[in-house]
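These figures come from a predicted structure and were not determined experimentally. Here is the naming used below: chain letters follow the sequence lines, and residue numbers restart at 1 for every chain.
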Protein chains: 2
Amino acid sequence: MAQLRQVENFAYSTPKGTEWKPTPITNSFAVDTVLDAEAFSKLPVLIVRSGAIGLLHMLGDGRQTISVIYFEGEVLDFRHFGKTSGRATCLLPVSVELYSGDDYDNLQFQSTQFQMEQATKRAQQLIYASQHSVDLARKSAIEKLASFILESRKRQGLGRHLDVLLRLRRADIADYMGLRAETLSRAFTKLKKLGLIACDQADLVHITNEPGLRQLANGKVNWMKTRVQ
Amino acid sequence: MAQLRQVENFAYSTPKGTEWKPTPITNSFAVDTVLDAEAFSKLPVLIVRSGAIGLLHMLGDGRQTISVIYFEGEVLDFRHFGKTSGRATCLLPVSVELYSGDDYDNLQFQSTQFQMEQATKRAQQLIYASQHSVDLARKSAIEKLASFILESRKRQGLGRHLDVLLRLRRADIADYMGLRAETLSRAFTKLKKLGLIACDQADLVHITNEPGLRQLANGKVNWMKTRVQ
DNA sequence: CGAATAGTTGAGTAGTCTCAAAACAGGTGG
DNA sequence: CCACCTGTTTTGAGACTACTCAACTATTCG
């Protein structure tokens with residue numbers, strides 16, 4: 001296992017004292033690397049510096065789903081992983097900070113500010129997961145894509161910027177939004193024809209009608225009536 | 001607002017000291033009560049003692065979804081609620097313990113054990129939400145129902161017991177699993193005809209073929225080939 | 001340049017949704 | 001006790017979305 005060796009190569013030499021800061025251990029992984037929880041038993045807490053890690057689930061007949069995505073700044077704690085948590089897979093080239101469980105916990109005990117930050121991040125994860133359930137449950141393909149574009153912009157911290165870089169591959173977006181790649185492709189075509197987005201490059205989406213896109217994502221548009229040929 | 005008055009009726013008289021335990025304030029709500037976050041600004045941390053609270057989301061054209069359900073023992077922290085978190089709604093008669101933010105945080109600072117318990121619970125919430133996304137994303141109606149029955153058993157702590165009480169109403173189960181009530185009803189019929197479950201009463205499911213039900217829930221059964229008339 | 005991967009387009013099908021109506025359950029009052 | 005009402009669950013027929021499978025185009029990379 002590649003990532004096992006990579007992790008073990010780093011000496012775990014955090015000084016133990018009452019007032020200390022653990023030396024941040026960073027590590028990088030290529031796209032499609034599977035992060036096996038067992039390989040991270042000594043340094044089970046990952047903070048994503050760049051890239052994206054997804055939890056990949058596979059049904060018995062090969063249907064795939066990405067249930068949760070961890071983007072920059074988000075925390076993946078392997079200590080809380082179960083058998084049903086899927087396989088942590090790098091959806092992009094990933095760089096992470098690694099912490100031992102004790103170091104991470106002690107950091108929170110020492111700094112109230114750090115503790116609050118982390119609590120907020122964890123809560124935010126649940127909010128994202130909750131919102132994602134809403135997206136998956138009852139939205140049409142085109143609504144799911146509109147939601148994904150807006151979620152991407154929000155989680156990349158782009159504010160109200162109209163150019164959103166969808167850094168994930170189409171297949172990964174499809175797995176995340178509960179669609180087939182073909183259906184997702186058709187949804188892109190429809191969004192363009194509706195004049196809500198424009199794509200110069202493959203993964204750069206320019207939002208041409210933000211209110212419309214937001215309304216569509218929130219199910220407020222009966223887009224059937226504005227049907228496109 | 002009914003729940004506002006109910007909350008305010010309790011005097012907030014937790015003694016402030018270095019070694020103290022906040023007096024647990026309990027409160028009860030009827031089915032379909034909406035727990036408005038603003039009414040809980042003073043006591044924003046809810047621990048569910050009995051019943052179930054769901055986060056209800058509504059799309060612009062009336063489509064409903066329940067994204068997350070809080071069952072016994074689970075913690076709902078209104079401090080981390082955002083506009084996209086939906087409306088906390090009682091799916092059953094609910095009894096909760098209420099804590100102020102400071103009390104809840106201090107409890108965790110004082111007791112490492114309590115802190116660990118709570119961290120595990122919060123992590124478990126994310127695991128449930130993650131698994132729920134898998135259920136919603138690519139499963140058929142009958143697979144969703146099989147998954148829901150098994151999830152219900154697990155979260156009620158019934159172990160391997162074969163009698164599962166689905167305490168939620170059909171409409172709520174449907175909202176949670178991203179189905180229409182009609183489709184859910186048809187899925188029940190199919191599960192019965194496949195001989196995987198038997199229902200004496202409306203909300204009591206007896207699992208007659210657990211391995212089959214589990215395989216179906218995990219997408220390992222091409223149930224099309226074992227089609228039922 | 002050719003091979004491999006990623007993404008798009010097309011036609012037909014399966015499964016869920018929609019809308020309508022019927023069956024069922026629980027409570028109230030005569 | 002039964003008729004009645006209200007809300008929930010089930011059944012039925014048809015429409016429509018997303019899936020499947022296949023072929024095609026575009027892009028990446030050696």
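Looking at residues two or more places apart in sequence or on another chain, you find a salt bridge (Lys or Arg N to Asp or Glu O under 4.0 Å) between A:R167 and A:E72. For B:F81, the ring pair (Phe, Tyr, Trp, His ring centres under 6.0 Å) test picks out B:F78, with sequence neighbours left out. Applying the side chain to side chain contact (heavy atoms under 4.5 Å, CB included) rule to B:E182 yields the partners B:R180, B:R186; only residues at least two apart in sequence or on another chain are considered. In terms of the salt bridge (Lys or Arg N to Asp or Glu O under 4.0 Å) criterion, A:R122 has no residue partners (sequence neighbours excluded). Scored by the side-chain hydrogen bond (donor to acceptor under 3.5 Å, both in side chains) test, B:N209 finds no partners at all (sequence neighbours excluded). Judged as a side chain to side chain contact (heavy atoms under 4.5 Å, CB included), and not counting sequence neighbours, the contacts of A:D203 are A:L165, A:Q201.
To the nearest angstrom, C1' of D:dT20 lies 13 Å from CG of A:D61. At whole-Å resolution of the value, CG in A:L184 and P in D:dT20 are 14 Å apart. What separates NZ of A:K144 from C1' of D:dT17 is a distance of 11 Å, to the nearest Å. Here C:dC19 presents its P atom at 12 Å from CZ of B:R63, a figure rounded to the nearest Å. Rounded to whole Å, atom C1' of C:dC17 lies 13 Å from atom CD of A:E143. When the P atom of D:dC16 is taken as reference, atom CZ of A:R138 falls 17 Å away, rounded to whole Å. Remark: P of C:dG10 and CZ of A:R180 are 20 Å apart, rounded to the nearest angstrom. In this structure, the CG atom of B:L145 is 16 Å from the C1' atom of C:dG15, given to the nearest Å.
At least one side-chain nitrogen or oxygen of A:T189 sits closer than 4.0 Å to the OP1 or OP2 atom of C:dT9. Contact check, A:R186 against C:dT8: no side-chain N or O comes under 4.0 Å of OP1 or OP2.
The two residues A:L76 and A:A88 come nearest to each other via the heavy atoms CD1-CB, 4.3 Å.
A perpendicular orientation is assigned to the rings of A:F148 and A:Y176, their planes being inclined by more than 60° (bins at 30° and 60°).
For the helix from C:dC1-D:dG30 to C:dG30-D:dC1, the end axes, each set by the C1' atoms of five terminal pairs, are bent relative to each other by 40° (nearest 10°).
Sorted by first and then second residue, the salt bridge (charged side-chain N to carboxylate O under 4.0 Å, His left out) pairs involving residues 81-94 of chain A (not counting sequence neighbours) form an empty list. For the side-chain hydrogen bond (donor to acceptor under 3.5 Å, both in side chains) condition, the pairs that include at least one residue of residues 43-64 of chain B, sequence neighbours left out, are A:E143-B:R63, B:R49-B:E97, B:H57-B:S67, B:D61-B:R63, B:Q64-B:D175.
Out of D:dC19, C:dC17, D:dT11, the shortest distance to the side chain of A:L179 is found at D:dC19. The side chain of B:T183 has C:dT16 as its nearest neighbour among C:dT16, D:dT20, D:dA18.
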Given the rule in the side chain to side chain donor-acceptor pair (under 3.5 Å) test, do B:Y70 and B:Q125 qualify, once you have shown the distances and angles that lead to the verdict? CA-CA 8 Å; B:Y70 297 87; B:Q125 280 291 338; 5.0 Å; no

Which is it for A:E210 and A:L162 under the side chain to side chain contact (heavy atoms under 4.5 Å, CB included) test, yes or no, and what are the steps along the way? CA-CA 8 Å; A:E210 178 171 351; A:L162 293 179; 3.4 Å; yes

Polar-atom pairs under 3.5 Å, protein N or O versus N or O of nucleotides 4-7 of chain C: list them with distances, or write none.
unit_1, atom_1, unit_2, atom_2, d
C:dG7, OP1, A:R170, N, 3.4
C:dG7, OP2, A:R170, N, 3.4

Anything under 3.5 Å between a protein N or O and an N or O of nucleotides 28-30 of chain D, put it in a table, one pair a line.
none

N/O-N/O pairs, protein side and nucleotides 22-27 of chain D side, under 3.5 Å:
none

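Atom NZ of residue A:K192 and atom OG1 of residue A:T208 lie 11.5 Å apart, to the nearest 0.5 angstrom.
A side chain to side chain contact (heavy atoms under 4.5 Å, CB included) with B:Y128 is found for one member of B:Q131, B:Q124, B:H132 and no other, namely B:Q124.
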